Amino acid sequence: MTENMPDNLRILIIEDNENNMELISFILENNGFSMIKAETGKKGFEFACTLKPDAILLDIQLPDIPGTDVLSHLKASHLTRTIPVIAVTSYAMAGDKHKLLSAGCDGYIEKPIDPMRFVNQIKKVLGV
Ligand code: MN
């Protein structure tokens, strides 16, 4: 189980839904990840610039800025453009997965989150 422990990777979670935030944090913490939490797109982008996480989990439905815009900001800034971004969303219409991936997102996880698969989905994108 632990042979591929992430080396204390820091993941920025941008997620406004408390239950999802709790579930994601619980899973990541139990798998040896460190976390930074942001419940709005604005805060998430600021944390990405200042704290330089190893990866970003990005909810697409956010209260202030659409997650797609957060993704654009992240990929446009020299401070954040190399940080892998994994979109986490259940609201995608057909074709949104492709749209997100072509907008520079590095991976895509659909809600509801499957606790059994979640960490492997993340590790696969990060190559760890
Ligand atoms: Mn949301």
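Owing to the predicted nature of the structure, the values given are computational and were not obtained by experimental measurement. No hydrogens, no waters, no symmetry mates; every other heavy atom, side chains included, goes into these values. Counting convention: from 1, in listed order, for ligands and their atoms alike.
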For this session: Quick one: list whatever passes side-chain hydrogen bond (donor to acceptor under 3.5 Å, both in side chains) with S77, sequence neighbours left out.
Result: none
Problem set entry | Cationic N near anionic O, under 4.0 Å, D16 to K43 | no
Problem set entry | Which N, O or S atom of D59 lies nearest to the Mn ion (ligand 1), by name | OD2
Problem set entry | Close side-chain approach of D59 to N17, heavy-atom, < 4.5 Å | no
Exercise. Any N/O/S of Q61 under 2.8 Å from the Mn ion (ligand 1)?
Worked result: yes
Exercise. In chain order, what residues pass the salt bridge (charged side-chain N to carboxylate O under 4.0 Å, His left out) check against K42, with sequence neighbours excluded?
Worked result: E46
Seminar exercise, completed: For the Mn ion (ligand 1), the nearest N/O/S atom on D16 is atom OD1
